[in-house]
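Both backbone and side-chain heavy atoms feed into the values below; hydrogens, waters and symmetry mates do not. To find a chain, count down the sequence lines: A is the first, B the second, and so on, and within it residues start at 1.
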2 protein chains.
Amino acid sequence: MPKTNMKDTIKNVSIDLFYKKGYFASSINDIARAAGIQKSSIYYHYSNKEDILFDILKTAMIDLDSKLESRLAGIKKTEERMRTAIYCHTLFHMRRQKEVLISDSELRGLTVDNYKIIIEMRDKYDRKFQSILKKGMDEGVFAENNYKILSNAIITMCTAVSIWFNPHGQLSKEKIAQIYADFNLKAIKV
Amino acid sequence: MPKTNMKDTIKNVSIDLFYKKGYFASSINDIARAAGIQKSSIYYHYSNKEDILFDILKTAMIDLDSKLESRLAGIKKTEERMRTAIYCHTLFHMRRQKEVLISDSELRGLTVDNYKIIIEMRDKYDRKFQSILKKGMDEGVFAENNYKILSNAIITMCTAVSIWFNPHGQLSKEKIAQIYADFNLKAIKV
DNA sequence: GTCTATAGATGGATAGAC
DNA sequence: GTCTATCCATCTATAGAC
């Protein structure tokens, strides 16, 4: 059985709270109560409230990017790379629903330096989609179009699955990711 | 020239503040300062802070729905109705960027009763998209698929244009709405 | 309709004991 | 590593004068 780590506990209850009530509406006191400790004890593990948020956002971004990289490894065909990227992105946004929703609505809770770090990671990730899409257009497998606009459109659609996805619904995460991949591939192909 | 109405001023500066800093991070004091009055004067126009948020969200939802209705009026062909709905929804989410972004991230600021009212309006609006999409599938002009999933996918994609759209970018709002309509129509057609 | 003044609660964060 | 106690800033909202 895994060692109970208080820092992880704080992080996990914070994910729940930020997801349910939002970052600003969740107090240090709320977090402490959920973690079963006094609020001052939080500061032994994290230097301040923003630090918890930053930890959550950074971890989510790192995991998202590494999932993409490992899924894409070895795939050569551009069409298949695009399909895989969309499938992977959509699946992640259902599996890690709470964290990605926090990522998308609580960025304003970060001070400038931390904000820049997350935005840079996100831009780098986005450019991977853009480059696959552009390559497909150059190769003639995808219809010529504004690749930045389409890339934004596709990524935001697949990101937003986290907003409406219901874990207790009828369709599996994998089936929904499949529908999303098919939908977008059909739209971009020549 | 239009009469300067303090209630409207409060509403407008609140839209700016909620958009920039978020609802919980914006204080009554911030709003008062931006409106050029003392914070106690806010309470002459609105009974509390949530009332301002609710006013913003309700107005946005009413306007969104009435835009759709007037655009759809007289259009018979299902494919054209779908195209118009997508175009209209996307355009609105660029024209009213701030308000719709608040709508999508600050719903948690509402108490239960107000929350229910907004969600009900939103569901009713969503069902209009679902019904057009389903009709197209029944008629055989759209490919058979899970119409609820696809409807969610399309609506959230077009809603999310508000996240990345840059008013100072090269493409016009109308051009982007056109790209979005074309993209989605291509994806759903048989 | 806007002001000054303030109540009353809660926020993030720190000091220092154990 | 967690506790009690507390500081001080800020928050929403109200009372009552003008």
Using whole Å, what does the distance between atom [atom2] of nucleotide [N] and atom [atom1] of [X] come to?
X: A:Lys49; N: C:dT10; atom1: NZ; atom2: P; value: 15 Å
X: A:Arg33; N: D:dC3; atom1: CZ; atom2: P; value: 14 Å
X: A:Glu50; N: C:dG12; atom1: CD; atom2: P; value: 13 Å
X: B:Gln38; N: D:dC18; atom1: CD; atom2: P; value: 17 Å
X: B:Ile42; N: D:dT14; atom1: CD1; atom2: P; value: 14 Å
X: A:Phe24; N: C:dG12; atom1: CZ; atom2: P; value: 10 Å
X: B:Ile28; N: C:dG8; atom1: CD1; atom2: P; value: 20 Å
X: A:Asp51; N: C:dG12; atom1: CG; atom2: C1'; value: 14 Å

**Message:** Are B:Thr78 and B:Asp138 packed together at the side-chain level, in the sense that at least one heavy-atom pair is separated by less than 4.5 angstrom?
**Reply:**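 Not in contact.
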**Message:** So if I apply the side chain to side chain contact (heavy atoms under 4.5 Å, CB included) rule between A:Val100 and each of A:His89, A:His93, A:Met61, which one comes out positive?
**Reply:**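 Checked A:His89, A:His93, A:Met61 against A:Val100; only one passes side chain to side chain contact (heavy atoms under 4.5 Å, CB included): A:His93.
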**Prompt:** Do B:Lys49's NZ or CZ and the ring of B:Tyr23 fall within the cation-pi criteria of under 6.0 Å and 45°?
**Reply:**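 Judged by the rule (NZ or CZ under 6.0 Å from the ring centre, within 45° of its axis), B:Lys49 counts as positioned above B:Tyr23.
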**Asked** Taking the nucleotide of DNA chain C with the closest heavy atom to each, which residue, B:Lys39 or B:Gly36, is nearer the 5' end?
**Response** B:Gly36
**Asked** Which listed nucleotide (C:dA13, C:dT4, D:dT12) is nearest to the side chain of B:Tyr43?
**Response**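 Nearest listed nucleotide: D:dT12.
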**Message:** Between A:Lys11 and A:Asp8 (salt bridge meaning N to carboxylate O under 4.0 Å), is one present in this structure?
**Reply:** no
**Message:** For C:dG1 and B:Ser41 - does any side-chain N or O of the residue sit under 4.0 Å from the phosphate oxygens OP1/OP2?
**Reply:** no
**Request:** Return no unless some side-chain N or O of B:Tyr44 is found under 4.0 Å from OP1 or OP2 of C:dT2.
**Result:**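 No, B:Tyr44 has no side-chain N/O under 4.0 Å of OP1/OP2 on C:dT2.
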**Item:** Side-chain donor/acceptor of B:Ser40 to base of C:dT4, under 3.5 Å
**Value:**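 For B:Ser40, whose side chain was compared with the base of C:dT4, there is a donor-acceptor pair (under 3.5 Å).
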